[in-house]
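Working notes, beginning with the structure itself.
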Protein chains: 2
Amino acid sequence: MAKRVSTKDKILNAAEALFAEHGFEQTSLRQITADAEVNLASVNYHFGSKKALIQAVMARYLEVLMPALERELIQLAEQPQVSTRAVFDCFRAPLNELREVRKHGPTIFLSLLGYAYADIQGHLRRYTMDHFGDVMQRLLATLHLANPQLSPVDMFWRLHFVLGATVFAQVSGPALREIAAADFGEAIEADQVIDRLIPFLAGGVDALTE
Amino acid sequence: MAKRVSTKDKILNAAEALFAEHGFEQTSLRQITADAEVNLASVNYHFGSKKALIQAVMARYLEVLMPALERELIQLAEQPQVSTRAVFDCFRAPLNELREVRKHGPTIFLSLLGYAYADIQGHLRRYTMDHFGDVMQRLLATLHLANPQLSPVDMFWRLHFVLGATVFAQVSGPALREIAAADFGEAIEADQVIDRLIPFLAGGVDALTE
DNA sequence: TTTAAATTAAAACGCATGTTTAAAATGTGC
DNA sequence: GCACATTTTAAACATGCGTTTTAATTTAAA
């Protein structure tokens with residue numbers, strides 16, 4: 001008794017898996033529709049274009065993550081003391097909530113975000129900026145609470161270094177985990193990468209300016 | 001009296017500029033040969049394939065940077081004390097030497113490196129790993145001198161976070177500099193991004209493990 | 001100057017992409 | 001059960017890509 005899944009959802013599920021593994025540009029509609037076992041034309045019928053499909057895939061996660069992250073940041077800002085580490089820890093719970101979207105939601109989303117950011121010139125920059133813009137502003141403000149000694153422009157740059165390390169670690173994650181397992185005999189899960197990442201990021205943001 | 005430039009060099013120059021701005025996959029041979037004002041087929045005639053052209057573009061910089069970086073790292077390892085910051089400062093002189101290859105050599109090279117790394121699945125991963133492998137080992141070893149309290153696998157991950165932040169900062173650099181200039185009225189040069197980056201990286205590597 | 005090699009040039013090839021079309025099939029409300 | 005809207009299907013379309021081919025041209029050696 002297989003449960004009926006709509007063509008639209010079949011496409012979204014197949015697309016997000018392929019996008020997370022190979023990136024947006026590297027994934028063709030033919031691969032997606034083959035995996036989803038639907039007709040090629042149904043993507044354009046249901047979503048209009050590949051661009052719109054990409055945004056729909058991202059939206060499923062953003063609509064869960066963004067309100068949760070904003071909630072955490074607002075809550076943190078009410079504390080008398082705010083540390084850089086506490087700011088980054090704000091991401092933990094919202095990312096974990098993505099598990100409700102999908103089992104490996106946190107990993108998938110971060111991979112997608114990585115590819116979205118890597119696609120510098122593309123339409124995704126504007127799209128993600130439109131959705132991330134206000135949260136980024138709040139992030140900057142909260143980080144400034146934690147590091148009042150850093151100028152806004154200093155914090156701007158460090159926040160983007162943080163983003164860079166994060167999305168890059170995630171995109172390179174599978175290959176790196178493979179290398180690490182081979183070289184150090186220590187296989188870590190994808191989810192644990194962020195545990196290694198957060199202390200690094202906090203240390204970088206807190207570093208003294210030169 | 002215009003100086004004669006060989007077709008091969010015209011292609012290399014046009015290709016590296018387009019690659020650094022748009023990435024490897026996003027740049028077509030037709031764009032390159034149009035900019036270089038040479039025939040489309042000359043790329044395959046002189047280089048054999050687009051892959052080989054990409055490698056030739058990278059090689060011009062790698063052949064200058066790698067020996068210089070190795071020299072610096074060897075020299076540093078002879079010191080009685082090695083700090084993380086000192087390790088990253090080892091990159092400054094070798095990167096600056098790329099100015100002899102081209103005026104904006106350091107910036108161009110880091111952009112190329114960013115795209116090379118972003119191209120996870122591609123042939124460039126193997127190519128760059130082949131050329132970077134031993135230097136990466138030396139980097140790991142030198143960083144371990146600076147941070148004996150970190151385990152090799154910890155250092156492995158942090159080094160890749162470093163790489164991620166670096167290449168991402170460079171690829172996103174132009175867009176970010178634009179935003180920074182608009183939001184903070186402060187336009188910084190591409191070369192200065194690395195001055196902001198190095199303290200961040202050193203702080204991240206030196207951070208306490210959780 | 002002649003002859004052979006190296007280079008440039010224009011055109012086409014084969015392939016993959018996103019998209020559109022038009023007909024067939026399915027579902028839905030009366 | 002009919003009529004209409006929705007969805008699925010197969011095929012073709014238009015475009016851009018890296019590459020190859022073949023001939024013309026330039027260069028260099030004899």
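Residue numbering restarts at 1 for every chain, and letters A, B, ... go by the order of the sequence lines.
- For the OP1/OP2 pair of C:dT8 and a distance below 4.0 Å, the side-chain nitrogens and oxygens of B:Thr7 include at least one atom meeting the criterion.
- To the nearest angstrom, C1' of C:dT17 lies 16 Å from CG of A:Leu18.
- The aromatic rings of A:Phe109 and A:Tyr61 lie tilted to each other, with the angle between the two planes from 30° to 60°.
- Considering only residues two or more places apart in sequence or on other chains, A:Thr142 meets the side-chain hydrogen bond (donor to acceptor under 3.5 Å, both in side chains) condition with none of them.
- If you take CG of A:Asn39 and P of D:dA11, they are 11 Å apart, rounded to a whole angstrom.
- No side-chain donor from either of A:Asn39 and A:Ser42 sits under 3.5 Å from a side-chain acceptor of the other.
- Phosphate contact (OP1/OP2 of D:dT6, side-chain N/O of A:His46, threshold under 4.0 Å): absent.
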- Its contact letters, B for base, S for sugar-phosphate only and - for none at protein heavy atoms under 4.0 Å, make nucleotides 15-21 of chain D read --BBBBB

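- Using modelled atom types and a 3.5 Å distance limit, the side chains of B:Asn13 and B:Arg102 yield a donor-acceptor pair.
- Salt-bridge check for B:Glu37 with B:Lys10: failed, with every basic side-chain N at 4.0 Å or more from each acidic carboxylate O.
- In summary, the side chains of A:Asn44 and A:Ser49 do not present any donor paired with an acceptor at a separation below 3.5 Å, with no hydrogens or angles considered.
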